[in-house]
Amino acid sequence: MDKEIWDTTVSKVSRHVEQEVRLKGWLYNKRSSGKILFLILRDGTGIIQCVASKAVLGDELFARMDGLNQESSLIIQGHVRKDDRAPGGYEVQVTSCEIVAEALPEYPITLKEHGPDFLLDHRHLWIRTPTQRSILAIRSEVMRACRDYLDSQGFLEVSAPILTPSACEGTSTLFETPYFGEKAYLSQSGQLYNEAAIMALGKVYCFGPAFRAEKSKTRRHLTEFWMVEPEAAFMTFEELLVLEENLITYIIDRVLDKRSEELKTVGRDPSDLEGIAPPFPRMTYSQAVELLKKENVEIEWGDDFGAPHETMLASLHRKPLFVTHYPAKAKAFYMEPDPERPETVLAADLLAPEGYGEIIGGSQRISDYALLKQRIEEHRLPVDEYNWYLDLRKYGAVPHSGFGLGIERMVAWICHLDHLREAVPFPRTITRLRP
RNA sequence: UCCUCGAUAGCUCAAUGGCAGAGCAUCCGGCUGUUAACCGGAGGGUUGCAGGUUCGAGUCCUGCUCGAGGAGCCA
């Protein structure tokens, strides 16, 4: 009787020890020894060593496999064995092999080192490597965790528009695009639309790309990045911070649970992330300034923090750090003043450890019509474009809060990346629009 | 926009102002347990571009282009 053949994936191969399996994938590397051949196959779920011998396969098929180029696509059938000599502990003794498509020689991404510019020019191929695949798998897990957690807390996902009529904030540079005779801009945030949506749905979040035309040339900036932005009616500032702590903790726990293999592949020791749990340390802006002055860092009350300030403050803790109660002048127009000290606002930035900077910016929002209108005017924003936003304060205003979590910065921190551009499949920076 | 650094083989990098090199990749050959396999051989160059100094420039000088990461900026 014929043996049963299991169609499976590399990630599930350990369930099929001493069984016959069929794997579909690409040739990642190959080591040849004349009459025995080691084929390293990757299939999107992992990589595994396949052993081909001339005695089993015959001269003709063996020679064809021996001549395969890196990245050729294959369907390999074989017998799974546990073997300590194999990387990963399991290998497949090949019984037959279908060559789906032979790759051309001189695949650009070799197993040796490459420079960042070369790799980014070949990003469409670079993502096939184990490290990049793992980062993207972790990114997917982070995004799914955001949705799962917020859904479990009763939030509804609302899609905010990408094409918007004006600069929401008025301060940062936006990408402009023609729009049937007028100008439209790519969204830098869905927050204002979220504030409308919570008055209909209570608790919402939007999840999408955000765009900034700033000429930032640092490892912490992209021109196109992804944010999840929760917003909730009746949520106070204190409740906001608790939500942020819980979301971050949930994401970390999820990645530790589901993607520990990928964490190891990207070189992050999972134990670095264990113990990230509420409560997170907190510090007011004023306390932070005092602390920086004590360390002889040049800063005056009222100045916004730069990257070195953030890095120094965040390096005091293993957990992310809340910095709260910023001066109103240094922050966005819609933030609610602190009733006890109205020159400051009920805003909090969450700074990731290890120099990854601000992963969350959030605040309670102004709910008073007159004050909000005054702030819009003070910031010299076009009031007409904000009439709909002001309407929200006319018809049943409530205290409400929200925040934005930067997905790439979160992924970069979790994966211990040295640049945000590896945290997104196809990064967009000031100097890179392709591939 | 500013500061700093960089550009040499497909890739990663060497080369006191004096013959343009290595490893990997590619091609050919060898090897039955390899681990970024190894061993032998071959091909592969407008040294980013344009000028200048010099007997002689990859190397020194000037300008430009492109890139890097830091500042500024940044929900």
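Each chain gets a letter, A, B and so on, in the order the sequences are listed, and its residues count up from 1.
If you check residues 85-96 of chain A against RNA chain B, the residues with a heavy atom closer than 4.0 Å are A:R85, A:A86, A:P87, A:E91, listed by number. RNA chain B is contacted by A:F38, A:Q49 of residues 37-55 of chain A, taking any non-hydrogen atom closer than 4.0 Å. Contacts between residues 416-435 of chain A and RNA chain B, defined by a heavy-atom separation under 4.0 Å, are made by A:H419, A:R421, A:T431.
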Distances under 3.5 Å between nitrogen or oxygen atoms of protein and nucleotides 12-15 of chain B:
| from | atom 1 | to | atom 2 | distance (Å) |
| --- | --- | --- | --- | --- |
| B:rU12 | OP1 | A:G115 | N | 2.8 |
| B:rU12 | O4' | A:E113 | O | 3.4 |

Distances for protein N/O vs nucleotides 2-6 of chain B N/O pairs under 3.5 angstrom?
none

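Between A:F403 and A:R365, the shortest heavy-atom distance links the atoms N-NH2, 3.6 Å. Heavy-atom minimum distance, A:A347 versus A:M335: CB-SD, 3.5 Å. Closest of all the heavy-atom pairs between A:A184 and A:Y179 is CB-CB, 3.6 Å. Residues A:G362 and A:L240 come closest through the heavy atom pair C-CD2, 4.1 Å. In plain terms, the two heavy atoms of A:E102 and A:I99 that are nearest each other are CG-CG2, 3.8 Å.
Here B:rG10 presents its P atom at 18 Å from CG of A:L104, a figure rounded to the nearest Å. Across the protein-nucleic acid pair, A:I109 atom CD1 and B:rC24 atom C1' stand 14 Å apart, rounded to whole Å. Distance CG (A:N29) to P (B:rU26): 10 Å, rounded to an integer number of Å. Between A:D349 atom CG and B:rC74 atom C1' the separation is 11 Å, expressed in whole Å. Per the geometry, NE2 belonging to A:H122 stands 10 Å off C1' belonging to B:rC11, to the nearest Å. Between the NE2 atom of A:H309 and the P atom of B:rG70 there is a distance of 16 Å, given to the nearest Å. Remark: P of B:rA68 and CG of A:L119 are 13 Å apart, rounded to the nearest angstrom.
Environment of CD in A:E18: crowded, with over 12 heavy atoms of neighbouring residues, nucleotides or ligands closer than 6.0 Å. By the 6.0 Å contact criterion, NZ on A:K373 is open, its count of non-hydrogen atoms from other residues, nucleotides or ligands being 12 or less. Around atom CZ of A:R147, more than 12 heavy atoms belonging to other residues, nucleotides or ligands sit under 6.0 Å away. Atom NE2 of A:H416 has 12 or fewer neighbouring heavy atoms from other residues, nucleotides or ligands inside a 6.0 Å radius.
A:T164 places a side-chain N or O within donor-acceptor distance of the main-chain N or O of A:Y185, the cut-off being under 3.5 Å.
For the salt bridge (charged side-chain N to carboxylate O under 4.0 Å, His left out) condition, the pairs that include at least one residue of residues 235-246 of chain A, sequence neighbours left out, are A:E238-A:R282. Residue pairs satisfying the ring-ring contact (aromatic ring centres under 6.0 Å, His included) criterion with at least one member in residues 211-242 of chain A, sequence neighbours excluded, are listed as follows: A:F237-A:H325.
When the ring pair (Phe, Tyr, Trp, His ring centres under 6.0 Å) test is applied to A:F62, no partner is found at least two apart in sequence or on another chain. Applying the ring pair (Phe, Tyr, Trp, His ring centres under 6.0 Å) criterion to A:H419, with sequence neighbours excluded, gives no partner residue. For A:Y107, the ring pair (Phe, Tyr, Trp, His ring centres under 6.0 Å) criterion is met by no residue, not counting sequence neighbours. Taking the ring pair (Phe, Tyr, Trp, His ring centres under 6.0 Å) definition, one finds that A:H16 meets it with A:W6, sequence neighbours left out.
Contact annotation: side chain of A:S216 to base of B:rC73, donor-acceptor pair present below 3.5 Å. Taking 3.5 Å as the limit, the base of B:rG33 and the side chain of A:R81 contain a donor-acceptor pair of atoms between them.
Nucleotides B:rG23 and B:rC38 have their P atoms positioned 12 Å apart, rounded to a whole Å. Spacing of P atoms, B:rU59 relative to B:rU54, comes out at 16 Å, to the nearest Å. Separation of the P atoms belonging to B:rU1 and B:rU26 is 42 Å when rounded to the nearest angstrom.
Annotation: cation-pi geometry satisfied between A:K331 and A:Y326 (NZ/CZ under 6.0 angstrom from ring centroid, within 45° of ring axis).
Within the nucleic acid shown, A:P130 has no heavy atom closer than 4.0 Å to any nucleic acid atom. Residue-level contact check: A:A307 touches the backbone only, with heavy atoms under 4.0 Å from sugar-phosphate atoms and none from bases.
For A:N69, the listed nucleotide lying nearest its side chain is B:rC27; candidates were B:rG33, B:rC74, B:rC27. The A:P105 side chain lies nearest to B:rC27 when the options are B:rG33, B:rG72, B:rC27.
Between A:Y193 and A:Y389, the distance separating the two ring centers is not shorter than 6.0 angstrom.
Between A:R219 atom CZ and A:L417 atom CG the span is 11.0 Å, to the nearest 0.5 Å. A distance of 8.5 Å separates OG1 of A:T223 from CD1 of A:I430, quoted to the nearest 0.5 Å.
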Next on the checklist: As a check on the pairing definition, encode RNA chain B in dot-bracket form, counting Watson-Crick and G-U wobble pairs whose two distances are under 3.5 Å, and using | for partners outside this strand.
Outcome noted: (((((((..((((....[..)))).(((((.......))))).....(((((..]....))))))))))))....
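Comparing A:R219 and A:S33 along RNA chain B, the residue whose closest nucleotide (by nearest heavy atom) sits nearer the 5' end is A:S33.
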